[in-house]
Protein chains: 2
Amino acid sequence: MVSKTCEYAIRAMLFVAQKSKTATKVGVKQIAKAIDSPEPFIAKILQDLVKKGLVLSAKGPTGGFYLDNAGFKKSLADIVNAIDGDKLFTGCGLGLKSCSAKMPCPVHDEFVVVRKHIKAMMQNAKLGDYNTSLELGEKYLKR
Amino acid sequence: MVSKTCEYAIRAMLFVAQKSKTATKVGVKQIAKAIDSPEPFIAKILQDLVKKGLVLSAKGPTGGFYLDNAGFKKSLADIVNAIDGDKLFTGCGLGLKSCSAKMPCPVHDEFVVVRKHIKAMMQNAKLGDYNTSLELGEKYLKR
DNA sequence: CAAGTAGAAGAGTAAAAACTCCTTTATTAC
DNA sequence: GTAATAAAGGAGTTTTTACTCTTCTACTTG
């Protein structure tokens, strides 16, 4: 559905969101441990997310990654878009470049409905929405 | 959503289905042209689909690939399952191995709904369902 | 302002997915 | 039964994605 890079990105962002609720910055090492990902790899991904304005960072001691209030309102769709682009939301299910209502692949109509569903779901899922359930240990970011 | 291999597979199968309605066998070359795919690559994919019992083949002159009546009833889900496995239908949206109702990732519930939707759609889409619209040129398998 | 911490940047490696080529085997038509 | 045809099989190569390593730069604290 989404790339592995994107899966890591989402999990990392959810963790950063959780920590940012208490105004805590988190380092790459902590994040990597929390989401069970290769440390240098998630570092690269975060770098990219910073460049794209989805997360904030501070260097030096007491530095790390964090979200501001605008950050909590970012959605999964925003992250997917930043990492994988919009092909999940708008691409053809059978890989055709020109697939559209005018020139549809056989399953065009069915896929339009499904993709709309996916997009709505991901736009509705905001980074700030999961802090409590993560805090309570009801939801998991690894294994 | 699905691998490129899987996209080719589905397009090829839809084309074979269309031709099989008139009891015509089609060769790799014809298929490759019809769905605009690399010829040796689709050959490999078809080989695999034959092994998995999703399409029939005949060697020698007048040979090629074709479907019997059971074949027309196969669904897109069957093809996706054969090529990509069931991770699209049952895997975790964030890539967690142990994600389940007991130990859910933050977006588990949302993904369950979406995946059910995708699965139902693909199970409902049968290879035999698209022959007429393809014949009429209302639907396309390339570009 | 020195020392240490932590992210940024760039270049590189490993693994997986996509794609190719060549040889063999089965089938049909003459 | 020979020649032509078409799929099967196996062993590559290329490209993309996943992942690593090393060096540099910025910042904070004592």
Side-chain angles (χ1 to χ4, degrees), chain A residues 1-13 15-16 19-20 24-67 80 82-85 87-88 94-95, chain B residues 1-13 15-16 19-20 24-67 80 82-85 87-88 94-95:
Chain A
M1 190 107 89
V2 303
S3 67
K4 228 168 165 191
T5 302
C6 196
E7 291 174 356
Y8 285 137
I10 294 172
R11 279 153 60 196
M13 290 291 276
F15 179 68
V16 172
K19 292 298 175 182
S20 288
T24 317
K25 288 175 202 142
V26 277
V28 171
K29 197 165 291 190
Q30 259 186 93
I31 297 174
K33 192 173 259 181
I35 70 170
D36 193 37
S37 76
E39 194 184 314
F41 191 39
I42 194 64
K44 275 290 157 197
I45 297 170
L46 286 163
Q47 237 180 76
D48 195 30
L49 290 171
V50 169
K51 242 187 272 179
K52 284 169 177 157
L54 286 165
V55 65
L56 299 164
S57 70
K59 284 186 175 184
T62 75
F65 298 89
Y66 63 102
L67 292 179
V80 172
I83 306 277
D84 286 350
K87 73 178 187 318
L88 174 62
L94 300 185
Chain B
M1 188 107 89
V2 303
S3 67
K4 228 166 164 194
T5 302
C6 196
E7 292 175 354
Y8 285 138
I10 294 172
R11 279 152 61 198
M13 289 291 276
F15 179 67
V16 172
K19 291 300 176 183
S20 288
T24 317
K25 288 175 200 142
V26 278
V28 170
K29 197 165 288 186
Q30 257 187 95
I31 296 173
K33 192 173 258 181
I35 69 171
D36 193 38
S37 75
E39 193 184 313
F41 191 40
I42 194 63
K44 276 290 156 194
I45 297 170
L46 285 163
Q47 233 181 83
D48 196 28
L49 291 171
V50 168
K51 241 189 274 179
K52 283 167 177 156
L54 286 165
V55 63
L56 300 165
S57 70
K59 283 187 176 181
T62 77
F65 298 89
Y66 63 101
L67 292 179
V80 172
I83 306 277
D84 286 351
K87 76 180 184 317
L88 173 63
L94 299 185

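So that the names make sense, note that chain A is the first sequence line, chain B the second, and so on, each numbered from 1. The basis for the numbers below is simple: all heavy atoms, side chains too, and nothing from hydrogens, waters or symmetry mates. All of these numbers come straight from a predicted model, not from anything done at the bench.
Exactly one of A:Ile31, A:Val28, A:Thr5 qualifies for a side-chain contact (heavy atoms from CB on, under 4.5 Å) with A:Ile45. That residue is A:Thr5.
Look at CG on A:Asp48: it is 16 Å from P on C:dG7, rounded to the nearest Å. The distance between atom CG of A:Leu49 and atom C1' of C:dG7, rounded to the nearest whole Å, is 14 Å. Per the geometry, CD belonging to B:Glu39 stands 11 Å off P belonging to C:dC21, to the nearest Å. The separation between A:Phe41 atom CZ and C:dA11 atom P is 18 Å, rounded to whole Å. One can place NZ of A:Lys4 at 12 Å from P of C:dA15, the figure rounded to the nearest angstrom. A straight line from NZ of B:Lys87 to C1' of C:dA17 spans 11 Å, rounded to a whole angstrom. Atom CD of B:Gln47 is separated from atom P of C:dC19 by 17 Å (rounded to the nearest Å). Atom CG of B:Leu46 and atom C1' of C:dC19 are 14 Å apart (whole Å).
For DNA chain D, the neighbouring residues in residues 53-63 of chain B, judged by any heavy atom under 4.0 Å, are B:Ser57, B:Ala58, B:Lys59, B:Gly60, B:Pro61. Residues of residues 24-36 of chain A having a heavy atom closer than 4.0 Å to DNA chain C, listed by number: A:Val26, A:Gly27, A:Val28.
Here the CD-CD distance, from B:Glu39 to B:Gln30, works out to 11.0 Å after rounding to the nearest 0.5 Å. In this structure, CG in A:Leu46 is found 8.0 Å from CE in A:Met13, a value given to the nearest 0.5 Å. Atoms CG and CD1, on B:Leu49 and B:Ile10 in that order, are 10.0 Å from each other to the nearest 0.5 Å. Of the inter-residue distances, the one linking A:Ser37 atom OG with A:Glu7 atom CD reads 11.5 Å to the nearest 0.5 angstrom.
What you find for B:Phe65 and B:Val55 is that their closest heavy atoms are CB-CG2, 4.2 Å. Minimum heavy-atom separation, A:Pro38 to A:Tyr8: CD-OH, 3.5 Å.
The backbone N or O of A:Ser3 sits less than 3.5 Å from a side-chain atom of A:Asp84, completing a donor-acceptor pair. A donor-acceptor pair is defined here as one N or O able to donate and one able to accept, closer than 3.5 Å; such a pair exists between the side chain of A:Lys52 and the backbone of A:Ala82.
Side-chain contact between B:Phe15 and B:Arg11 is absent, with no heavy-atom pair separated by less than 4.5 Å.
Between the side chain of A:Lys44 and the base of C:dA8, no donor-acceptor pair of N or O atoms lies under 3.5 Å.
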Apply side-chain contact (heavy atoms from CB on, under 4.5 Å) to A:Asp48 and A:Leu54, showing your working. CA-CA 9 Å; A:Asp48 195 30; A:Leu54 286 165; over 6 Å; no
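Nucleotides of DNA chain D lying under 4.0 Å from heavy atoms of chain A occupy a range whose first and last members, 5' to 3', are D:dA18 to D:dT29.
Among the protein residues, B:Pro38 comes within range of the sugar-phosphate backbone only, with heavy atoms under 4.0 Å from sugar or phosphate atoms but none that close to a base.
Taking 4.0 angstrom as the limit, B:Tyr8 places none of its side-chain polar atoms (N or O) nearer than this to OP1 or OP2 of C:dA18.
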